[in-house]
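Each remark here refers to the structure printed beneath this line.
All heavy atoms count here, side chains included; hydrogens, waters and symmetry mates do not. Start at 1 and go down the list; that is how both ligands and their atoms are numbered. All values derive from a computational prediction rather than experimental measurement.
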Amino acid sequence: MAKDTPQTFYLKDYTPFGYDVESVHLTFRLAPETTRVLSKIRFAPKPDAADKTFFLHGEELKLISAKLDGQEVTPELADGGLKCEVPSAPFTWEAEVEINPAGNTALEGLYMSNRMYCTQCEAEGFRKITYYPDRPDVMSTFTVRIEGDEPVMLSNGNPMGQGEGWAEWHDPWPKPAYLFALVAGDLVNHPGSFTTKSGKEVELNIWVRPGDEGKCAFGMETLKKSMKWDEDVYGLEYDLELFNIVAVDDFNMGAMENKGLNIFNSSCVLASPETSTDANFERIEAIIAHEYFHNWTGNRITCRDWFQLCLKEGLTVFRDAQFTADMRSEPVKRIDDVITLRARQFPEDNGPLAHPPRPEAFQEINNFYTATVYEKGAEVIGMLKRLVGDDNYYKALQLYFERHDGQACTIEDWLKVFEDATGRDLSQFKLWYSQAGTPRVKVSEDYADGTYTLTFEQSTPPTPGQPDKAPRVIPMAVGLLSPNGDEVRGTQVLELTDAKQSFTFDGLASKPVPSILREFSAPVILERETTNAERAFLLAHDTDPFNRWEAGNALAKETRVAMVLDGAAPDAAYLDALEKLVRDDEQDPAFRALVLSPPSQADIAQTLHERGYTPDPQKIYDAAETFTQTLAQQLETSLPRLYAATTVEGPYAPDAESAGKRALNGRILSLLTRLDGGEQAARQYASADNMTQQYAALGALMKAEKGEVQSQAFFDQWQDDRLVMDKWFALQIACAAPEKTAATAAALTKHPLFDMKNPNRFRAVFGALAGNHAGFHHASGEGYQLLAENLIALDSLNPQTTARMCAAFQTWKRYDAGRQSLIRAQLSRIAGTEGLSRDTNEMVTRILDA
Ligand SMILES: [Zn+2]
């Protein structure tokens, strides 16, 4: 039998649905393998509709019966749904279907996780619940009745009533089906409340499995802070009587913003000092805020179609980054975000999976929940804000909420409010939404007679389907320093619009040192010939914290690249600069921890590739080891003092200041462990009363191959806690030496607690494998083979998670011919698998075709 040719969907083909949905009534009769869903939906034909086809999406549904205005009908079952002849006047559609939540391992639609019923409908999961026009531009009010014997039964909106074996819910806000949610199970709640700025009382709940009640307090406080922040900064108030969050163990994503009933991967909401690290607390804070902020940017104003996904995601990521910056440290948040962008989005933008923030075609939308749509989408909004200024930005946002509340919108609608609010023409700026690839900006400079000239040349390499790119609007934040370290020109935003452009600065007493792309004002790659002496100067003197870090990061990269290419020794001037900084107690500990964190090995590989070299993962690993060992020796005499000075005493608190201190302390400990044989780390492990310190000590010991006893102790202590066990699985692989990485991961897949059906556990193992650069890319090819085998096994259970993890192979063209052919063989093997899902097929084909 020939393979189905997968259907490709195009942005240009958009046509509205021919019917309005006036109301939706759903009844769920819950049973693990035979849940019945009864729908009663009021449709009204749109008078001006060009296409009056009545097509309802539906997948994996058993149709029991269908009625039109009370009369039995037999619809025509089509691929992916059904068609029916319908009246030309408003009518009522009724259907009864049967679904199997217990058998749903794809975790889309209604499924079971630990005997709890829950849903995930974004993007196209609702069609696995009942027949419906499952597209974001179809919005309606939902009334839901749940029948079953579960103690707690929840849906969107406000509760209407409940009794023995039933509960009813009504959501007064029209919404697309992807925001539908239902949860039923044995749950307990951590309650709270919030009074909105107009004085409305909102009941808040975090629902968890019995036993997890103690891990909700931080999430609840964060939720309240998010509600307050959105009122203070954006003027946006919550709009229901109730806001529920539910923690679920088996979940493909981080969390989901369903109206009034957010569903969270338990790893993104449950927190306690004993079981969560500082990084976990910060991530939980960001995700709770993110999902809450969607109530306006996503739910009240949604997307017209899935090509517009970055309309809600880019904006909401931008908003949650603002929130984190306000709650913690703005520069540290910015540096963290740029590290993530370069680690996740740049490889995507510069490889076979490159696509614009608003893609123009897809086969499976699940494959476009990417770093480009989310993180680059947020960067684009950051640039827009920088270009129009803060006041205009909030003016435009206000207009956006006034004009589009209750609508399903496009990027055009979004840009139009900025044009109307500011009078600015954004047609060139719009290229950021349609062009893929990371622009390169080459900088050259000239100084004569007190006038300094900066010349910028921008270009973007070809990406799949886009050989040529037009110049974009690039906001370039620049400041100038005098040779004695004073700032002679404060930050100013230069607007690049041409392929080549110059800017002059007059009246300078001497040739200045430029600080370019301050705050990382645009997601571009800067190319400029400079010296390590100048980088060290900026690391010491720049007034922009981001560029100070960037100068240190560039120094770290240069020294590592030289070590890899020429076998050079670590740069002495850089080591001195690091030592000075790490000992400077005037500096923020979180900032010092960031400067002390070396660029990732994948980052060095990408840098080498960009400079025309073929990266050798083992050499990159060796250089990293040598560098860190040399740094530890250089700091030898100060390490014990630094360790003591950065140890946080007293009860654990997850605030930014303590977390920054602990981050620095963890870096110091890992250096110390290289010199003291693990003595200090073993002491810290034994005395730690919080996960951050326990985990840091365990990691330092395992990296030194001295952590066997502690690893066993950690397992014994935490084996019943799934989230902590994810850390245990991941850490062993992350810390393994390159030649042992694949074998370590393979052994862990045989562990009784390895569970392929749990996405968190799968990602713990295989995310760590792919993240161990030298281990995954070990010349034996064992890492590639192990990942491919497990992706093939997972695909029939969970296509979405499988497809996303295929991205581990996206950088394959960077490497030598031997590794390329090993990877190609594994990709071909996945592609040739009988019955491969549409999700995985699309990803593997795109990666192979490059
Ligand atoms: Zn989101």
Can you list the steps and then say if E364 with R838 is a salt bridge (charged side-chain N to carboxylate O under 4.0 Å, His left out)?
-> CA-CA 7 Å; E364 174 50 64; R838 164 176 85 209; 2.9 Å; yes

Honestly, is R319 close enough over Y234, meaning NZ or CZ under 6.0 Å from the six-membered ring centre and within 45° of the axis?
-> yes

Aromatic centroids of F194 and F243 separated by under 6.0 Å = no

Neighbour count above 12 (heavy atom, 6.0 Å) for E241 CD | no

Quick one: name the protein N/O/S atoms under 2.8 Å from the Zn ion (ligand 1), chain by chain.
-> H290 NE2, H294 NE2, E313 OE1, E313 OE2

Taking D250 for its side chain and S113 for its backbone only, find out whether a donor-acceptor pair lies under 3.5 Å.
-> no

With a cut-off of under 6.0 Å to the ring centre and 45° to the axis, is R127 in cation-pi contact with Y132?
-> no

